[in-house]
Amino acid sequence: MSTALIGIGQRMLSIRSQLGYPQSKVAAILGIADKSYKNYELEKRELPLSVAVKFCEEFDQNLMWLVYGIAVPDGEEAAQLAGDTAKAVFEHLDTNEKSFSSTEIQKFTHYIFEQSLSKGTSPDSEAKLFFSAIA
């Protein structure tokens, strides 16, 4: 099995457990056999994209989270994170003696945003790490 798929079953199980549903109910909602669902949850079989999408639609989950385990913020949270990232980058640029092009700053900001999002860390701590590494 592909290493990128490890954990999908555990994430499906966590949602099913939160809802208090037996495997048979989730299988029925998804329109698949009980045994198929059980094998997906146990990660004995790879989850087809069509089933993953249906799971996310039926149980109000994000496909990126189901497949990769990456939490995806809603619009307001993403906007807040973007603002915090921009602030952290510019604060660290002010204290840095080097000057950077707008393209470089855009790349720095993008990287720091992605790191904060994937790790769940603050943009300020990620900016601190980043700028200390390039100093």
Side-chain angles (χ1 to χ4, degrees):
M1 182 184 300
S2 168
T3 56
L5 297 177
I6 293 175
I8 292 174
Q10 287 91 9
R11 289 186 283 280
M12 293 173 78
L13 170 63
S14 73
I15 297 303
R16 182 176 64 79
S17 297
Q18 286 173 18
L19 296 169
Y21 290 173
Q23 287 179 335
S24 58
K25 183 169 183 170
V26 174
I29 291 168
L30 298 176
I32 60 175
D34 294 0
K35 186 171 173 100
S36 292
Y37 180 79
K38 180 179 181 179
N39 285 331
Y40 300 144
E41 204 172 88
L42 292 173
E43 298 179 15
K44 289 184 177 181
R45 289 185 55 203
E46 288 189 15
L47 182 68
L49 181 59
S50 60
V51 177
V53 169
K54 180 139 177 130
F55 182 91
C56 290
E57 288 172 350
E58 293 292 336
F59 300 107
D60 194 28
Q61 298 301 311
N62 184 283
L63 187 60
M64 189 77 127
W65 172 80
L66 181 65
V67 175
Y68 295 109
I70 298 171
V72 178
D74 65 21
E76 189 173 318
E77 290 170 332
Q80 182 67 46
L81 183 60
D84 292 347
T85 302
K87 180 179 179 221
V89 167
F90 282 102
E91 285 176 353
H92 286 278
L93 286 173
D94 284 344
T95 62
N96 198 308
E97 294 175 8
K98 295 180 185 177
S99 97
F100 301 99
S101 70
S102 60
T103 301
E104 289 173 317
I105 294 169
Q106 178 188 17
K107 288 178 182 178
F108 300 163
T109 305
H110 184 261
Y111 175 80
I112 292 165
F113 179 86
E114 283 187 332
Q115 291 300 302
S116 295
L117 182 61
S118 67
K119 295 179 184 177
T121 54
S122 76
D124 189 55
S125 65
E126 289 300 328
K128 211 174 280 187
L129 283 171
F130 177 81
F131 285 103
S132 68
I134 66 167

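Heavy atoms only: backbone and side chains are in, while hydrogens, waters and symmetry mates are out.
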**Message:** If you apply the rule side-chain contact (heavy atoms from CB on, under 4.5 Å), what do you find for F90 with I105, and how did you get there?
**Reply:** CA-CA 9 Å; F90 282 102; I105 294 169; 4.2 Å; yes
Going by heavy atoms in the side chains, are [X] and [Y] under 4.5 Å from each other?
| X | Y | value |
| --- | --- | --- |
| S36 | R45 | yes |
| D124 | D84 | no |
| P48 | Y40 | yes |
| L66 | M12 | yes |

**Prompt:** Between E114 (side chain) and Y111 (backbone), is there a donor-acceptor pair under 3.5 Å?
**Reply:**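 Judged by distance alone, no pair lies under 3.5 Å.
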**Message:** Looking at S14 and R11, would you say the former's side chain and the latter's main chain have a donor-acceptor pair under 3.5 Å?
**Reply:** yes
**Residues that F55 engages under ring pair (Phe, Tyr, Trp, His ring centres under 6.0 Å), provided they are two or more places apart** =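 Checked F55 against ring pair (Phe, Tyr, Trp, His ring centres under 6.0 Å); matches are F59.
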**Item:** Partners meeting ring pair (Phe, Tyr, Trp, His ring centres under 6.0 Å) with F108 (sequence neighbours left out)
**Value:**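 Partners of F108 by the ring pair (Phe, Tyr, Trp, His ring centres under 6.0 Å) criterion, ordered by chain and then number, come out as F100, F130, F131.
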**Request:** Can you sort out the partners of K119 under salt bridge (Lys or Arg N to Asp or Glu O under 4.0 Å), two or more places apart, ordered by chain and number?
**Result:**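 Partners of K119 under the salt bridge (Lys or Arg N to Asp or Glu O under 4.0 Å) test: E126.
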**Prompt:** Considering residues at least two apart in sequence or located in another chain, which fulfil the salt bridge (Lys or Arg N to Asp or Glu O under 4.0 Å) criterion with K38?
**Reply:** none
**Prompt:** Which residues, ordered by chain and number, are linked to L129 in its hydrophobic cluster, where ILVMFWY side chains connect at heavy-atom gaps below 4.5 Å, directly or through other members?
**Reply:** none
**Side-chain cluster (under 4.5 Å, hydrophobic types only) that F113 belongs to, other residues** = L81, L117
Which heavy atom of [X] sits nearest to which heavy atom of [Y], and what is that distance?
| X | Y | value |
| --- | --- | --- |
| A127 | H92 | CB-CD2, 3.4 Å |
| L13 | R16 | CD1-NH2, 3.0 Å |
| T121 | Q115 | OG1-O, 4.0 Å |
| I112 | T85 | CG2-CG2, 3.9 Å |
| I134 | K98 | O-NZ, 3.0 Å |
| A27 | A33 | CB-O, 3.9 Å |

**Message:** Return the CE to SG distance between M64 and C56, rounded to the nearest 0.5 Å.
**Reply:**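 Going from the CE atom of M64 to the SG atom of C56 covers 11.5 Å.
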